[in-house]
S.K.: 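First the structure, then my questions, so here it is.
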Amino acid sequence: MNRPDGPSREACDVVIVGGGASGLSLAHSLTATGSRAVTVVEAPGGPRRAPERTWCYWDEGTGDFDEAVCATWSRLRVHDAEGDAVTVNPSPLHYRMIRSSVFERLVHARLARSPGGRLLRATADTVRGTPDGAEVRCTTADGRTLTLRARHVFDSRPPCTLPPARTQLMQHFRGWFVRTDTARFDTRVADLMDFRVRQPCHGLAFGYVLPLTPDRALVEYTEFSRTPLTTTAYEAALTRYCGDTLRLGSYRVETAEQGVIPMTDGRFPRQVGPAVFRIGMAGGATRPATGYTFAAVQRQSRAVAAALQGGHAHVPPPHGRRALAMDAVLLRALDTGRINGPDFFTALFRRVPPHRLLRFLDGATSLREECGIGLRTPVGAMLRTAVELPFLPRRHHPAPEPKGAPDDRAARP
Ligand SMILES: Cc1cc2nc3c(=O)[nH]c(=O)nc-3n(C[C@H](O)[C@H](O)[C@H](O)COP(=O)(O)OP(=O)(O)OC[C@H]3O[C@@H](n4cnc5c(N)ncnc54)[C@H](O)[C@@H]3O)c2cc1C
């Protein structure tokens with residue numbers, strides 16, 4: 001009930017805080033089952049609002065978001081540091097790209113059509129449990145305060161701090177949507193990791209090229225390391241990559257996107273109250289060794305919707321224990337420099353059947369298949385790392401400050 005002088009109050013069944021990848025995916029799954037009154041609370045603008053971005057993932061083309069997919073590739077390529085290319089066909093899987101703005105429009109329209117579905121443009125200030133569910137206090141764009149009471153709240157706001165971890169790296173990158181003067185790209189092939197770029201002293205760096213048309217592509221420079229770079233430093237690396245490595249000739253940059261994705265073996269809590277759950281990156285959906293999140297979010301959203309339809313709220317772990325344990329070993333082996341990142345990833349693409357490798361990254365392989373993949377890695381370094389891991393403490397890692405141009409830093413030859 002609304003009090004004339006107090007904040008407005010409203011009752012809902014499910015509130016999803018944050019309308020990004022995981023919030024919208026959950027809303028999409030819940031409206032598909034049609035059984036829930038769902039409110040998505042999305043920041044109206046300002047620093048809390050996530051900028052437009054690109055989400056890529058692989059699937060067999062089951063068609064959940066076909067309208068939102070803006071590009072698809074049937075072949076994947078990795079270039080080793082010497083320039084040799086490994087091109088694979090992971091059939092029946094395809095690599096796909098979704099623009100967040102297109103995905104937003106799709107799910108917002110679905111919410112608008114769904115009885116009980118609603119998008120609320122407001123900033124969630126607090127989320128807390130109550131005796132009969134949970135409540136979200138928000139401030140709307142025009143400054144009104146509003147309290148939403150719900151049976152279940154799914155919170156996808158990015159965490160302010162990361163959980164204590166043994167190893168914490170960052171996948172940090174900047175990408176340019178470039179248009180070239182002549183046809184320069186093969187639109188059938190996505191370059192996942194191009195190690196022909198200069199490697200930093202710590203961690204690894206690679207180029208990533210997603211062709212959209214013969215003269216247009218998303219070209220990214222990415223590092224896995226402890227500290228993000230300044231925008232100037234990414235731009236310098238991209239200029240070198242487009243010019244010296246890709247030899248694009250004359251091109252113009254249409255738009256850019258930049259991001260930092262935590263790669264950590266910290267444990268993210270998924271339930272923080274009887275009726276309050278964390279989803280998405282905040283709930284540990286980011287695969288530590290790769291940064292891929294979108295596919296895990298889809299699996300999780302479908303499972304949450306099925307559980308709610310069955311009458312109970314449950315958020316299953318986004319990744320299995322074995323996958324997390326293997327990722328912890330890989331992160332530590334990269335962080336200590338015991339393995340050479342470019343050699344490691346190129347060897348995986350060279351030696352493991354591509355369909356199996358992608359299923360492995362989805363956590364869908366058997367123990368036997370994983371042992372087979374393990375044997376194609378530097379076994380000694382990985383075993384040594386696996387043995388020492390349980391004895392290392394988990395600790396908070398300080399938030400890293402962006403660093404200057406890669407040119408200015410000492411670089412591995
Ligand atoms: C630039 C970039 C590219 C990426 N590319 C890929 C990729 O290709 N493939 C992949 O698998 N992963 C990718 N990732 C990683 C991951 O998939 C994304 O970060 C993804 O957006 C995470 O989803 P999420 O729902 O956890 O968070 P977000 O998508 O960031 O959603 C959180 C939402 O909460 C909102 N919000 C924040 N605070 C409040 C508040 N107080 N009140 C209300 N709303 C709030 C934000 O506006 C945002 O919409 C990428 C990440 C970045 C940064």
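The structure displayed is predicted, hence computed values, not measured ones. FYI, the numbering just counts along the sequence from 1.
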S.K.: Can you tell me how far the CD atom of Glu135 sits from the OG1 atom of Thr126, to the nearest 0.5 Å?
M.R.: 7.0 Å
S.K.: Hey, does Ile339 have a side-chain heavy atom less than 4.5 Å from the side chain of Met382?
M.R.: yes
S.K.: Which atom names give the shortest non-hydrogen contact between Pro354 and Asn89, and what distance separates them?
M.R.: CG-O, 3.6 Å
S.K.: Which atom pair, heavy atoms only, marks the closest approach of Ala27 to Val40?
M.R.: CB-CG2, 3.8 Å
S.K.: What do the steps show when you test Thr231 against Glu235 for side chain to side chain contact (heavy atoms under 4.5 Å, CB included), and what is the final call?
M.R.: CA-CA 6 Å; Thr231 299; Glu235 299 258 306; 4.1 Å; yes
S.K.: Salt bridge check: are Arg77 and Asp186 linked by an N-O gap of less than 4.0 Å?
M.R.: no
S.K.: Once rounded to the nearest 0.5 Å, what's the spacing between atom CZ of Arg338 and atom CG of Asp335?
M.R.: 10.0 Å
S.K.: Does any part of the side chain of Ile279, heavy atoms only, come nearer than 4.5 Å to the side chain of Val297, both counted from C-beta?
M.R.: no
S.K.: Locate the shortest heavy-atom distance separating Leu330 from Phe345; write the atom from each residue and the value.
M.R.: CD2-CZ, 4.2 Å
S.K.: Looking only at atom types and distance, does a side-chain atom of His397 sit under 3.5 Å from a main-chain N or O of Pro164, one as donor and one as acceptor?
M.R.: no
S.K.: Looking at side-chain heavy atoms only, is the closest gap between His172 and Thr222 below 4.5 Å?
M.R.: no
S.K.: How far does CE of Met193 sit from CG of Asp80, to the nearest 0.5 angstrom?
M.R.: 13.0 Å
S.K.: Give a yes or no on whether a salt bridge exists between Glu257 and Arg99, defined as a side-chain N under 4.0 angstrom from a carboxylate O.
M.R.: yes
S.K.: If the plane angle is over 60° it's perpendicular, under 30° parallel, otherwise tilted; pick one for Tyr95 and Trp58.
M.R.: parallel
S.K.: Cation over ring, Arg350 on Phe344, under 6.0 Å and within 45°?
M.R.: no
S.K.: Please identify which of these residues, Ile373, Leu358, Thr377, meets the side-chain contact (heavy atoms from CB on, under 4.5 Å) condition with Val352.
M.R.: Ile373
S.K.: Are Leu348 and Val78 close enough that some pair of their side-chain heavy atoms sits under 4.5 Å apart?
M.R.: no
S.K.: Going by side-chain hydrogen bond (donor to acceptor under 3.5 Å, both in side chains), name the pairs with one or both residues in residues 265-275, residues two or more places apart or in two chains.
M.R.: none
S.K.: Could you check if a side-chain atom of Val127 sits within less than 4.5 angstrom of a side-chain atom of Arg137, using non-hydrogen atoms only?
M.R.: no
S.K.: Start with the C-alpha gap between Trp176 and Tyr221, add the side-chain angles, then the distance that decides, and say whether side chain to side chain contact (heavy atoms under 4.5 Å, CB included) holds.
M.R.: CA-CA 9 Å; Trp176 283 343; Tyr221 171 82; over 6 Å; no
S.K.: Please give me the minimum heavy-atom distance between Val197 and Gly207, naming the atom from each residue.
M.R.: CG1-N, 4.1 Å
S.K.: Are the charged groups of Arg196 and Glu82 less than 4.0 angstrom apart, N to O?
M.R.: no
S.K.: Inspect the contact between Arg151 and Asp13 and indicate whether a charged nitrogen and a carboxylate oxygen are less than 4.0 angstrom apart.
M.R.: yes
S.K.: How far does CG of Leu146 sit from CG of Leu120, to the nearest 0.5 angstrom?
M.R.: 6.0 Å
S.K.: Run the numbers on Phe65 and His28 for ring pair (Phe, Tyr, Trp, His ring centres under 6.0 Å), then give the verdict.
M.R.: CA-CA 10 Å; Phe65 313 122; His28 187 274; 4.8 Å; yes
S.K.: Does a salt bridge link Arg322 with Glu370, judged by any charged N lying under 4.0 Å from a carboxylate O?
M.R.: yes
S.K.: Take a 6.0 Å sphere around CZ of Arg384 and say whether it holds more than 12 heavy atoms from other residues, nucleotides or ligands.
M.R.: no
S.K.: How far apart are the closest heavy atoms of Leu248 and Arg184, and which atoms are they?
M.R.: O-NE, 3.2 Å
S.K.: Can you tell me how far the OG1 atom of Thr227 sits from the CE atom of Met170, to the nearest 0.5 Å?
M.R.: 8.5 Å
S.K.: How are the rings of Phe224 and Phe206 set to each other: parallel, tilted or perpendicular (split at 30° and 60°)?
M.R.: perpendicular
S.K.: Within the 4.5 Å heavy-atom criterion, are His94 and Glu60 side-chain neighbours or not?
M.R.: no
S.K.: Parallel under 30°, tilted from 30 to 60°, perpendicular over 60°: which one fits the rings of Tyr57 and Phe294?
M.R.: tilted
S.K.: Given the rule in the side chain to side chain contact (heavy atoms under 4.5 Å, CB included) test, do Val17 and Ser156 qualify, once you have shown the distances and angles that lead to the verdict?
M.R.: CA-CA 6 Å; Val17 180; Ser156 72; 5.7 Å; no
S.K.: Which heavy-atom pair separates Phe103 from Ala21 by the least distance, and what is that distance?
M.R.: CE2-O, 4.1 Å
S.K.: Nearest 0.5 Å please: distance from the CG atom of Leu24 over to the CG atom of Leu106.
M.R.: 9.0 Å
S.K.: If you measure from the Lys or Arg side-chain nitrogens to the Asp or Glu carboxylate oxygens, is any gap between Glu104 and Arg49 under 4.0 Å?
M.R.: yes
S.K.: Evaluate side chain to side chain contact (heavy atoms under 4.5 Å, CB included) for Leu119 paired with Glu42, printing each intermediate quantity in order.
M.R.: CA-CA 7 Å; Leu119 171 72; Glu42 169 58 17; 4.0 Å; yes
S.K.: Are the side chains of Cys371 and Leu375 in touch, meaning some heavy atoms are under 4.5 Å apart?
M.R.: no
S.K.: With a 4.5 Å heavy-atom cut-off, do Met281 and Pro158 have their side chains touching?
M.R.: no
